[in-house]
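Report on one structure; see the data block that follows.
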Amino acid sequence: MVRYAVRRLLLVVPVVLGAAAVAFALLLLLPGDPAVALLGQEASGAELARFRHLLGLDRPVPIQLGLYIWRIVHGDFGRSVTLSAPVLQLILSTLPATLELAISSIILAIAAGIPLGLLAARHRGTPVDTGTMLLAQLGVSMPVFWLGVLLILLFAVKLNWLPSFGRGAPFLSSVIRADLPALADSIRHLFLPACTLAFFNLALLSRLTRWALLEVLEEDYVRTARAKGQRERIVLYRHALRNALLPIVTIVGLQFGNALGGAVVTETIYGWPGMGRLVVQAIGQRDFPVVQGAVLVLALIFSLVNMVVDLTYALIDPRIRYG
Amino acid sequence: MRSSTRESATGKRPAARRSAPYGTGRRRHLTPSARVGAAVLIVIALAAGAPSIFTRASPDQVDILTRLAPPSHAHPLGTDNIGRDLLARLVHGARISLTVASISVGGAVCIGVTLGLLAGYLGGWIESVVMRIVDVFLAFPAILLALALVAVLGAGVTSVVTALTLVFWTQYARVVRATVLAEKQKVYVEAARAIGADNGRIVIRHILPNILSPVIILATLGMGTAVVAESTLSFLGMGVQPPAPSWGWTLAFGTRYLRDAPHIATFSGLAIMLTVLGFNLLGDGVRDMLDPRFRPQ
């Protein structure tokens, strides 16, 4: 298992280097002079020349890429053009909010999606199955931003039950400090954005769980378990669900990437102070060092999550690590 | 043997017959839900192709006196903030959404299938390079990469199409490469090689028809994803720019008037959802029809 883990970890390195190259290429795709794009139109000729030399923009492209990766490895993501702060500092200050939102949405999606899939599989062909899958079909077809707007319209504008903007106290610190009013405030702010972000993943997960379970329920060992007279509940949970977990775990990992991408939209709708909103604001202000840095960090997180999923996969199914 | 292409003893080639497509004995008909999806898409395609069937109103006709009007006989879906007919804007917006989605999915299919075929059939360093590039692209959340690309290319239809093509091609390359790896081991490829067919002929005439089913399924489902992606970029202000009646932009604008005119955001979102639902239902149906694994027992 350790050898497999090390091998899998090593596979992340070229992907991360490639992601850094893509982030670097974004700068090359910029029309005009990257130095002007980074410093703004107001920068003087001398400033631009000094900046080009500082970033190595006056050198050949491969050397520029090497320098960029070198700086990234040393934690230097550049400085924000509009906020006059190191990009890494901006990313680190907004990352916890994004992770809080993404993780809560994944937990919600798992907590509701897997039981719904189980319910549909148990009642295959009945109205329960049809209704659940219809809901799931709507879920995967509904754009995140529209769902967000509808939830705001209902819960914030019409009913006035929940806030539609901003983040309350950080969830984790409220739990650690056992500060109940802060925790309640945190949950009130988190509820709508997390539900919005979770809905697509929830729908996808319920469809996949149903499909995986129905596949597994056709297997011989399930028939054997039933022939031995085991109760349906035991057959479903102990025999079928355990084996159906493999594709479910994989999809949960991929969904984390969806959640990070979806957070860009959700954070914008709800004014959630995370990395997604930082990226959208940076794009609006043409603050490219922030865009590059945030895109790269999110890709890095996504790659690491995929690695953890692969390791979990290997833990669940020994055939993978010995294969 | 799947291949049916044979060289005759006289050296004359019989009329070129393609290898039997993937999933022989397949179901001939779409499922009822897929027919519903197809019907929805036909309506939306009609709106895109012949908007005058649905409305005579111009999407750009401003009437400030009727601004933010709720649905009525004169304006079946109401009006927007400067009194433009919402039905007309949504009907004309269908053309933008479908055009962007079709071109970007078409581009992604062309790039993905070509590179996937090359990687899967030739193997070696070409396969390594293509698949590492795929891995790198897949390391980015799709919408984030599209957003970053549009940010540097500049907002507009061309940038959106380019960005979505660059984001979506990887899934086709991955699926095609995996399918080609399985197909090239089959007897019909060996038979084609034995009768002297060159690599180009084997790939185009024999392997390509056999890998099209998963590509068609992915592309149908991918159209829905592309519609959402285009709307998302427009919603964030990075897609098709006003005054073009983009659905995403109309919805984004509608959010400013949620209290006074919720119909703007509601109907524009509904248009997007119905289109995506149509593609998803059709995609699921096409998958059921073409892929034997998904056929009901």
Side-chain angles (χ1 to χ4, degrees), chain A residues 11-12 14-19 21-23 26-31 37 134 137-138 140-150 152-153 156-158 211 215 218 257-265 268-269 276 279-280 282-284 286 288 291-292 294-296 298-300 302-303 306, chain B residues 33 37 132-133 135-155 162 166 221 224-225 227-229 231-233 235-238 247-248 251-252 254-255 258-259 262 265-266 268-281 284 293-294 296-297:
Chain A
L11 278 177
V12 175
V15 172
V16 171
L17 288 177
V22 171
L26 288 176
L27 202 62
L28 295 182
L29 284 172
L30 273 174
L134 192 69
Q137 187 65 268
L138 284 178
V140 294
S141 305
M142 192 176 269
V144 169
F145 50 90
W146 190 48
L147 179 65
V149 169
L150 290 182
I152 288 176
L153 193 63
V157 177
K158 297 276 184 210
W211 175 78
E215 284 265 301
E218 299 288 320
N258 274 341
L260 289 177
V264 174
V265 184
T268 307
I269 299 168
V279 171
V280 174
I283 287 172
R286 299 186 69 75
F288 290 106
V291 178
Q292 274 183 310
V295 165
L296 184 56
L298 286 175
L300 180 65
F302 191 24
S303 301
N306 277 340
Chain B
S33 59
R132 290 302 77 76
I133 295 173
D135 285 346
V136 167
F137 271 80
L138 288 176
F140 294 93
I143 194 67
L144 187 72
L145 184 57
L147 197 62
L149 285 168
V150 174
V152 294
L153 296 172
T162 311
L166 287 175
L221 294 167
T225 312
V227 168
V228 173
S231 309
T232 305
L233 292 174
F235 181 82
L236 294 172
M238 298 306 299
W247 287 346
L251 203 159
T255 57
L258 274 186
R259 271 180 206 280
T266 309
S268 44
L270 199 60
I272 302 168
M273 197 196 77
L274 280 176
T275 311
V276 180
L277 185 66
F279 280 117
N280 284 349
L281 290 175
D284 284 353
R293 287 172 304 162
F294 290 94
Q297 300 298 306

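Just so it is clear: chains get the letters A, B, ... in the order the sequence lines come, proteins before strands, and each one is counted from 1.
- The minimum heavy-atom distance linking A:Leu26 with B:Val152 is given by the pair O-CG1, 3.3 Å.
- Put simply, CG on B:Leu274 and OG on A:Ser141 are 9.0 Å apart, with the number rounded to the nearest 0.5 Å.
- Annotation: the span from A:Gln137 atom CD to B:Asn280 atom CG amounts to 5.0 Å, rounded to 0.5 Å.
- Proximity of A:Leu11 to B:Asp135: side-chain heavy atoms (C-beta onward) are nowhere separated by under 4.5 Å.
- Considering CG of B:Leu277 and CE of A:Met142, their distance stands at 9.5 Å, rounded to 0.5 Å.
- The CZ atom of B:Phe140 sits 6.5 Å away from atom CG of A:Leu296, with the distance rounded to the nearest 0.5 Å.
- Here the closest heavy-atom approach between residue A:Gly262 and residue B:Ile143 is recorded as N-CG2, 4.5 Å.
- Formation of a donor-acceptor pair under 3.5 Å by the A:Trp146 side chain with backbone atoms of B:Ala265 is found in this model.
- Residue A:Leu153 holds its CG atom at 11.0 Å from OG1 of B:Thr255, rounded to the nearest 0.5 Å.
- Between B:Met273 and A:Leu138, the closest side-chain pair of non-hydrogen atoms falls below 4.5 Å.
- Two residues are said to be in side-chain contact when any heavy atoms from C-beta on lie closer than 4.5 Å; B:Leu258 and A:Val149 meet this criterion.
- Ranked by heavy-atom pairs shorter than 4.5 Å toward chain A, the options B:Thr275, B:Leu149, B:Val227, B:Leu251 are led by B:Leu251.
- Residue A:Val291 touches chain B through its side chain alone, counting heavy-atom pairs closer than 4.5 Å.
- When all heavy atoms are compared, the tightest approach of B:Val136 to A:Ala19 is CG1-N, 3.6 Å.
- In this structure, the side chains of A:Leu260 and B:Leu144 stay at 4.5 Å or more apart for every pair of heavy atoms.
- Comparing B:Val228, B:Thr232, B:Ile272 by how many heavy-atom pairs each has under 4.5 Å with chain A, the most go to B:Thr232.
- Under the 4.5 Å side-chain criterion, counting only non-hydrogen atoms from C-beta, A:Phe145 is not in contact with B:Leu236.
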